[in-house]
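Note that ligands are numbered from 1 as they come in the structure, with each ligand's atoms numbered from 1 the same way.
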Amino acid sequence: MERRAISISGIVQGVGLRPFVFGLASQFGLCGFVKNQTGGVLIEVEGEDRSVDGFFVALMKRPPPLAQFEEVCCTSCLPQHDTCFRIEASSADATSLIFPSPDVATCDDCLAELFDPGDRRYRYPFLNCTNCGPRFTIIRNAPYDRERTTMESFAMCAECRVEYEDPHNRRFHAEPIACALCGPRLQAVDALGDPLTSGDPLEATVAVLRRGGIVALKGLGGYHLACLAGDEAVVAELRRRKQRDAKPFALMVGDLSIAHTIVEISKSEEALLESRRRPIVLLRRRSGAAVAVAVAPANRELGVMLPYTPLHHLLLRTLGSEPLVMTSGNRSDEPIVFEDEDARTRLAGIADLYLTHDRPIHMRCDDSVTRIVLGKELPLRRSRGHAPQPLTLQGGCRRPTLALGGQLKATFALGRGRHAVLSHHLGDLDHYEAYRAYVEAIAHYERLFAFQTELIAHDLHPDYASTRYAAECRGDIPRVAVQHHHAHIASVLAEHGLDEPVIGVAFDGTGYGTDGAVWGGEFLTGDCRSFRRAAHLRYVGMPGGEQAIREPWRMAVAHLADAGQQERGAWFDRIPAPSLSVVRQQLERRFNAPWTSSVGRLFDAVAALAGVRDRVQFEGQAAIELESLAFDVAADRAYPFEILQEDSSLVIDTRPLIAGVVDDRRAGAIAAAIGRRFHSTLVEVIATVCGRLAAATGLDVVVLSGGVFMNVLLTTETIARLTKDGFRVYRHQRVPPNDGGLCLGQLAVAAAWQEAGLVPG
Ligand code: ZN
Ligand code: ZN
Ligand code: FE
């Protein structure tokens with residue numbers, strides 16, 4: 001006789017592991033027990049030697065689909081002479097890290113039941129099982145049990161109870177188990193807040209949508225706003241009511257075959273669309289797609305996702321083959337609305353109807369956004385379906401460390417040992433609502449993971465809300481400041497487990513530099529521990545500061561002035577004379593015109609010069625449009641540029657480039673052609689600078705990070721070129737290159753500093 005205790009950490013709770021273990025133990029004729037514990041799951045099995053071995057091998061080889069084992073510890077213990085195998089109640093004592101599962105899309109078994117008229121859950125919008133359903137967004141506390149979720153208030157009916165307690169049932173201990181008799185209910189509420197008392201809520205919703213109305217739909221992580229995507233008038237109306245400038249709206253379509261009618265989809269993109277995480281995938285729009293232009297103006301792509309809750313499936317199937325706009329329920333950059341009362345207030349005047357239900361959402365969670373580049377994923381927003389699944393941190397944090405991220409596209413991360421738990425997307429902290437959500441989410445994660453923060457890592461920028469949070473709200477905890485672009489580079493290193501010095505190319509819009517200037521066109525050499533600013537774009541003024549981000553024409557004027565081109569061309573005629581003279585004075589007197597080396601701002605300048613746009617409604621809009629235009633133009637020669645040696649670093653002189661753009665413009669070149677040459681120029685700049693740095697240092701690894709590398713054209717061509725030049729090139733595959741991935745890099749830097757004994761207290 002042999003008894004063995006197996007403790008497993010990782011994603012092991014709420015993923016059907018216990019019934020699976022139960023089944024496996026019966027199969028091998030073993031006694032003992034399995035239970036959730038705060039550190040994960042504990043299994044004790046007793047029986048014949050061979051059977052115990054067989055059990056262990058089977059468990060390791062093919063665990064249930066949603067489980068992810070992190071650490072497995074197996075020890076022999078004294079036989080207890082049990083007579084059966086039991087599933088025991090949870091114990092909530094230990095303090096180690098547990099990992100609640102992310103929310104998971106409805107599984108095929110549940111989907112079959114949903115549309116089976118003979119099933120007792122036929123058309124029940126909240127069905128789920130241990131292999132699917134809401135998780136992270138309904139969990140109030142650990143360990144994961146029904147009473148610590150928002151399903152607590154729903155008492156199981158007799159039939160659900162039987163399934164819940166039957167180890168052979170797919171719903172054994174499916175904590176959110178429900179049916180029409182005992183579970184959450186759908187409700188339609190009109191624009192005035194009055195519940196519809198007659199008729200089917202789903203039918204009412206479909207009717208409003210078909211009439212060209214806008215519906216607020218309570219989903220998994222918050223409210224979406226939905227309308228028919230093919231209806232130009234209603235999409236324009238949604239934009240107007242939501243005051244959402246020009247940012248693209250995401251779409252939801254019933255299935256893959258409908259998706260194929262509006263976008264081009266490769267095999268790897270199909271896999272991503274259909275994955276359990278069900279992210280929004282950016283895909284190439286088909287010409288003639290029945291999708292309103294206003295969905296994604298001036299964009300060659302559409303963000304598409306497939307249904308991920310039973311409610312979505314019911315709604316989309318009732319609608320037929322119509323794609324739906326499915327955009328976050330909020331006003332511009334505020335976080336997604338998730339509480340019912342709040343939805344009524346905030347979405348008042350936007351929604352004609354609310355399709356809601358009585359299962360509370362505990363933690364909001366926006367949709368994730370991703371794409372495929374060169375056959376591999378390039379995440380743009382890591383949120384629903386990912387949070388709070390941990391990433392591995394090579395080396396690991398000695399002390400529990402909280403990394404606060406940046407200011408825009410905010411996320412934070414908890415690091416303990418080799419685990420890095422990244423939060424869901426929290427939006428732009430400029431907005432008070434977003435900041436409040438951010439602070440609440442930090443408290444929630446710390447509680448959920450029983451996390452005692454001992455060290456805080458934040459951005460070097462003194463005025464980021466995240467930096468102020470560290471100083472003002474967590475002042476008793478030692479903290480370290482990490483330079484923005486160092487964190488960007490470190491995030492790639494952390495993702496790939498790289499522990500060697502590299503050349504880091506960090507191109508983005510804005511990041512606080514060690515000299516107080518606005519950095520964003522940086523070549524760093526170093527590793528997680530330290531870096532040297534080896535090269536950067538030549539400084540130009542940013543006239544009006546932040547205003548220059550919203551008005552790219554200002555950056556055009558700044559670059560023209562820098563390049564000595566201010567007297568040339570009719571370009572200036574478009575700008576009102578008083579504005580132009582203010583900007584010129586700001587530049588001349590260096591008043592409210594901080595120095596910047598930002599590539600994002602250079603993109604803005606070139607886009608404005610090319611005539612793409614002078615004003616943007618969100619950061620990066622001009623650059624995205626320039627890329628879109630350039631995409632289908634054949635590669636063309638680069639504009640000239642120079643590389644100068646200044647003190648200890650190289651400076652990329654953009655003046656010849658600007659002069660080249662002006663010449664092209666005067667010769668009548670179209671924006672797409674200028675955009676194409678500009679992309680080639682950046683590739684050439686990167687290749688030249690990396691070549692020079694490699695020659696000087698012997699480094700042969702290049703990593704790419706920063707929001708500019710969301711640009712597919714630039715990323716693809718840069719990787720091809722650097723690879724051809726003999727470099728090993730790494731880019732993001734698991735966290736976004738934009739500031740949404742910053743916290744992982746901060747964690748990696750803080751971990752390296754801890755390792756080197758460079759951290760206070
Ligand atoms: Zn299921
Ligand atoms: Zn029931
Ligand atoms: Fe950045």
Side-chain angles (χ1 to χ4, degrees), residues 14-16 19 64-66 101 103-114 116 119-121 124 126-135 146 151 154-165 169-185 276 308-310 313 405-411 428 459-461 464 466 482-492 504-513 518-522 524 549 596-601 619-620 704-710 732 735-746:
V15 292
L66 300 187
S101 161
D103 299 293
V104 184
T106 306
C107 73
D108 290 343
D109 290 337
C110 285
L111 205 54
E113 289 175 353
L114 185 64
D116 173 7
D119 194 275
R120 76 181 191 91
R121 290 189 177 84
Y124 178 58
F126 305 97
L127 91 171
N128 63 79
C129 72
T130 31
N131 297 322
C132 74
R135 291 287 189 281
R146 189 173 175 101
M151 284 298 292
F154 297 93
M156 273 179 231
C157 70
E159 274 185 274
C160 284
R161 169 68 61 189
V162 167
E163 294 171 327
Y164 183 83
E165 288 174 355
N169 194 288
R170 199 172 94 244
R171 295 197 166 87
F172 177 72
H173 277 266
E175 307 302 345
I177 188 174
C179 73
L181 222 65
C182 67
R185 274 168 209 201
R276 292 190 297 263
Y308 54 85
T309 68
H313 283 287
Q407 173 82 1
L408 306 178
K409 303 181 169 68
T411 56
D428 295 353
D459 194 271
L460 191 61
H461 201 306
Y464 274 2
S466 48
V482 181
Q483 199 280 325
H484 191 94
H485 302 95
H486 188 204
H488 271 311
I489 297 307
S491 67
V492 187
V505 185
F507 281 6
D508 65 359
T510 307
Y512 191 83
V518 180
W519 291 10
E522 314 304 314
L524 312 180
I549 299 175
T596 187
S597 54
S598 163
V599 172
R601 295 295 83 76
E619 194 186 4
L704 310 174
S705 189
V708 168
F709 288 106
M710 292 191 283
H732 288 284
V735 303
N738 58 46
D739 289 3
L742 213 54
C743 59
L744 179 65
Q746 292 171 342

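With hydrogens and angles ignored, the 3.5 Å screen pairs no side-chain donor or acceptor of Glu522 with any backbone N or O of Leu524. The closest donor-acceptor contact from the side chain of Asn128 to the backbone of Phe126 lies under 3.5 Å. Asp103 places a side-chain N or O within 3.5 Å of a backbone atom of Arg135 that can act as its donor or acceptor partner.
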Verdict with reasoning, Gln407 to Ser466, per side chain to side chain donor-acceptor pair (under 3.5 Å) = CA-CA 7 Å; Gln407 173 82 1; Ser466 48; 5.0 Å; no

For side chain to side chain donor-acceptor pair (under 3.5 Å), just list the numbers for Glu113 and Tyr124, CA-CA rounded to whole Å, side-chain angles, deciding distance to a tenth of an Å, and then say yes or no.
-> CA-CA 9 Å; Glu113 289 175 353; Tyr124 178 58; over 6 Å; no

Pair Tyr164-Arg171, side-chain contact (heavy atoms from CB on, under 4.5 Å): steps then yes or no | CA-CA 5 Å; Tyr164 183 83; Arg171 295 197 166 87; over 6 Å; no

Please report the C-alpha distance between Arg121 and Leu114 in whole Å, then the side-chain angles of each, then the deciding distance to 0.1 Å, and finally whether the side-chain contact (heavy atoms from CB on, under 4.5 Å) criterion is met.
-> CA-CA 6 Å; Arg121 290 189 177 84; Leu114 185 64; over 6 Å; no

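Nearest N/O/S atom of Asp739 with respect to the Fe ion (ligand 3) is recorded as OD1. Summary: OD2 is the N/O/S atom of Asp508 found nearest to the Fe ion (ligand 3).
Among the backbone and side-chain atoms of His484, an N/O/S atom is found under 2.8 Å from the Fe ion (ligand 3).
At a threshold of 4.0 Å, the pair Glu619-Lys409 does not count as salt-bridged, since none of the basic side-chain nitrogens sits closer than that to a carboxylate oxygen.
The tally of protein N/O/S atoms under 2.8 Å from the Zn ion (ligand 1) stands at 4.
Between His484 and Asp739 there is a side-chain heavy-atom pair separated by less than 4.5 Å.
The set of protein atoms (N, O or S) found at less than 2.8 Å from the Zn ion (ligand 2) reads Cys157 SG, Cys160 SG, Cys179 SG, Cys182 SG, by chain and number.
Here the SG-CZ distance, from Cys110 to Arg170, works out to 4.0 Å after rounding to the nearest 0.5 Å.
A donor-acceptor contact under 3.5 angstrom links the side chains of His732 and Ser705, judged on distance only.
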